[in-house]
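Take a look at the structure set out below.
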Amino acid sequence: PEQKDRLIQILRDHKVPLSEDFSTVRRWSMACVALPTCGLAITESERALPGIIDQLEGPLAKLGLNHERFTIRMTGCPNGCARPYNSDLGLVGKTKGKYTLFAGGALLGNRLSYIYKDLVPDTDVASEIIGIFAAYKANRLEGETLGCFCTRVGRDELEAMAAAAPKP
């Protein structure tokens, strides 16, 4: 403990990013390796998720949700190596460039999510997630987490809320 400040300075001097240098959404996200490393992968994951997170950080800040803790997990196939089936939001590669979007899991991974939308093109993933965030911001209960909100309202109502919520 007495050398912590010195260690942090060494890391900073060598441009090693520390956890506080990353957004909350980026810190809590996870992806499997997928293409080209995994022979089971159908589509991108590890190389795609950082770009999706880039598209989410601005809208999350505008919504005032940039400090909320929730999990986004992404895999390149249905095997689910990054555990997308129990995260707040999960993306599972279904076919080339298309994903199944799951919602309603939990930060601790102790609740299964449900299929929110299927065959979402990779170009639409961020906007679909931003719609969920906007619906959450506008309709959540006091102290309600993203996953609990998605579970409480269910797929059909969440889809309607996401379509009606003003996007940042």
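Throughout, residue positions are numbered sequentially from 1 according to the sequence presented. The basis for the numbers below is simple: all heavy atoms, side chains too, and nothing from hydrogens, waters or symmetry mates.
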Lys137 side chain vs Leu63 backbone, donor-acceptor pair below 3.5 Å: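 Present.
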Do the side chains of [Y] and [X] get nearer than 4.5 Å, heavy atoms only?
X	Y	result
Asp118	Lys94	yes
Leu107	Trp28	yes
Leu18	Ile8	yes
Arg111	Cys148	yes
Leu119	Thr100	no
Ile72	Leu56	yes

Which atom of [X] lies closest to which atom of [Y], heavy atoms considered:
X	Y	result
Val25	Glu57	CG1-CG, 3.9 Å
Gly104	Tyr114	CA-CE2, 4.3 Å
Gly105	Asp88	O-OD1, 3.6 Å
Gln55	Ala126	OE1-CB, 3.3 Å
Ser45	Met74	OG-O, 2.8 Å
Pro121	Lys98	CA-CG, 4.1 Å

Verdict with supporting geometry, Gln9 and Asp5, side chain to side chain donor-acceptor pair (under 3.5 Å): CA-CA 6 Å; Gln9 189 56 52; Asp5 291 338; over 6 Å; no
Interatomic distance, [X] atom [atom1] to [Y] atom [atom2] [nearest 0.5 angstrom]:
X	Y	atom1	atom2	value
Leu60	Ser23	CG	OG	8.0 Å
Tyr99	Asp122	OH	CG	6.0 Å
Thr37	Leu35	OG1	CG	8.5 Å
Glu46	Cys38	CD	SG	11.0 Å
Glu44	Leu91	CD	CG	13.0 Å
Thr75	Ile42	OG1	CD1	8.5 Å

Tyr85-Phe102 aromatic ring centre distance below 6.0 Å: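 For Tyr85 and Phe102, the ring centres are under 6.0 Å apart.
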Criterion salt bridge (Lys or Arg N to Asp or Glu O under 4.0 Å) on Asp21 and Arg12, from CA distance to verdict: CA-CA 11 Å; Asp21 298 328; Arg12 292 250 182 249; 2.8 Å; yes
Over 12 non-hydrogen atoms of neighbours within 6.0 angstrom of CD in Glu20: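 Enclosed: over 12 neighbouring heavy atoms sit under 6.0 Å from CD of Glu20.
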Worked check of side chain to side chain contact (heavy atoms under 4.5 Å, CB included) between Phe70 and Thr145: CA-CA 8 Å; Phe70 50 84; Thr145 66; over 6 Å; no
Verdict with supporting geometry, Leu89 and Leu146, side chain to side chain contact (heavy atoms under 4.5 Å, CB included): CA-CA 9 Å; Leu89 299 175; Leu146 177 63; 3.9 Å; yes
hydrophobic_cluster_shared for [Y] and [X], side chain cutoff 4.5 Å:
X	Y	value
Met30	Val125	no
Ile115	Val92	yes
Val120	Leu49	yes

Sole residue of Ser87, Ser29, Ser113 in side chain to side chain contact (heavy atoms under 4.5 Å, CB included) with Thr71: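 Of all the options given, the one that passes is Ser87.
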Residues 128-136, side-chain donor-acceptor partners within the protein, below 3.5 Å, at least two apart:
residue, atom, partner, partner atom, Å
Glu128, OE1, Lys117, NZ, 2.9
Glu128, OE2, Lys117, NZ, 3.2
Tyr136, OH, Glu68, OE1, 3.3
Tyr136, OH, Arg140, NH1, 3.2
Tyr136, OH, Glu144, O, 2.7

